[in-house]
Amino acid sequence: MTAGRVLSPGFHSRVFDIVRRIPRGKVTTYGRIAAMLGHPGVARHVGNALAVCGREEIPVPWHRVVNASGKVSTNGTDQRTLLEREGVRFSPNGAIPLKIYVWQPPEAE
DNA sequence: GGTTTGACCATAA
DNA sequence: CTTATGGCCAAAC
C-alpha cells in the first residue's frame with residue numbers, strides 16, 4: 001500500500017452498515033458500535049454519523065442506538081416512542097435495561 | 001489547514 | 001440519583 005494512511009475512509013458509512021444490522025426490538029450503544037469498527041474511542045462519531053443520517057434522511061434505524069446509560073441522547077421523544085413501539089420497555093427512571101435489550105452481534109472480531 | 005463542533009464515555013464528588 | 005471535567009477523533013467551516 002502506497003501511503004498506508006487509511007484509518008477510516010467514510011466512517012459514517014460504516015456506522016450506517018452496523019446500525020442497519022440491528023434487529024427489531026434490540027438496541028445498542030454508541031461506544032459499542034465504535035468498538036465493533038475497531039475504534040473504542042470514537043463513540044462521538046457514531047452519534048454524529050446518525051445525526052447526519054437524520055439530516056440526509058437516510059433509511060437507518062437510528063432510534064435503536066442509545067448511549068451507555070441506556071437513555072436516549074436525543075431531545076425529542078420520538079426515539080423512545082419508536083423503541084417502545086418495537087417492544088422495548090423502559091425503566092421507571094427512563095432508561096433501558098441494556099442487560100436485556102442490548103444487541104449482541106453473532107460474531108465479533 | 002487550523003479551529004470548532006458534537007445524538008459519547010469514564011471517572012469523580 | 002445528578003453535576004462536572006477531561007479525553008477521544010472524524011467531519012464541517
Side-chain angles (χ1 to χ4, degrees):
Chain A
M1 353 260 283
T2 32
R5 268 200 50 80
V6 177
L7 219 65
S8 29
F11 190 87
H12 289 176
S13 299
R14 301 218 171 181
V15 174
F16 299 146
D17 189 36
I18 298 288
V19 177
R20 282 199 202 97
R21 289 158 76 176
I22 303 175
R24 179 174 168 282
K26 287 287 182 185
V27 298
T28 188
T29 66
Y30 298 98
R32 229 168 257 237
I33 294 174
M36 292 177 198
L37 295 173
H39 297 274
V42 298
R44 305 189 71 158
H45 295 127
V46 178
N48 213 90
L50 293 175
V52 176
C53 126
R55 189 188 311 160
E56 301 290 312
E57 297 183 352
I58 301 174
V60 175
W62 56 269
H63 57 268
R64 290 178 191 152
V65 184
V66 298
N67 59 29
S69 304
K71 288 169 127 183
V72 297
S73 300
T74 55
N75 277 335
T77 15
D78 297 335
Q79 183 167 5
R80 173 164 179 170
T81 303
L82 288 167
L83 287 173
E84 290 185 309
R85 187 186 191 182
E86 306 241 321
V88 178
R89 292 299 192 123
F90 281 69
S91 292
N93 66 330
I96 303 173
L98 296 176
K99 303 193 177 211
I100 302 176
Y101 291 105
V102 75
W103 170 58
Q104 296 177 339
E107 294 278 329
E109 74 226 73

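Just so we're on the same page: letters track the sequence lines, and every chain starts at 1. Since the model is a prediction, treat every value here as computed from it, not as a measurement.
With sequence neighbours excluded, the residues satisfying salt bridge (Lys or Arg N to Asp or Glu O under 4.0 Å) with Arg80(A) are Glu84(A).
The shortest distance between side-chain heavy atoms of Trp103(A) and Arg21(A) falls below 4.5 Å. In this structure, Leu83(A) and Arg64(A) have side chains that are in contact, with non-hydrogen atoms separated by less than 4.5 Å. Leu98(A) has its side chain within reach of Val66(A): a pair of non-hydrogen atoms, C-beta onward, lies under 4.5 Å apart.
For the OP1/OP2 pair of dC1(C) and a distance below 4.0 Å, the side-chain nitrogens and oxygens of Asn93(A) include at least one atom meeting the criterion.
Between Ala95(A) and Val42(A), the residue anchored nearer the 5' end of DNA chain C, judged by the nucleotide with its closest heavy atom, is Ala95(A).
In summary, of the residues considered (Ile58(A), Val19(A), Thr74(A)), a side-chain contact (heavy atoms from CB on, under 4.5 Å) with Leu50(A) occurs for Val19(A) alone.
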Please produce a list of atom pairs where a protein N or O lies less than 3.5 Å from an N or O of nucleotides 9-13 of chain B.
from   : atom 1 : to       : atom 2 : distance (Å)
dC9(B) : OP1    : Ala68(A) : N      : 2.9
dC9(B) : OP2    : Ala68(A) : N      : 2.8

Return the polar atom pairs (N/O with N/O) between nucleotides 5-8 of chain C and the protein under 3.5 Å, or none.
from   : atom 1 : to       : atom 2 : distance (Å)
dG7(C) : O6     : Arg44(A) : NH1    : 3.2

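Looking at the side chain of His12(A), the nearest of the listed nucleotides dA7(B), dT2(C), dA11(C) is dA11(C).
Formation of a donor-acceptor pair under 3.5 Å by the Gln79(A) side chain with backbone atoms of Val65(A) is found in this model.
In this structure, Asn48(A) places its CG atom 12 Å from P of dA10(C), rounding to the nearest Å.
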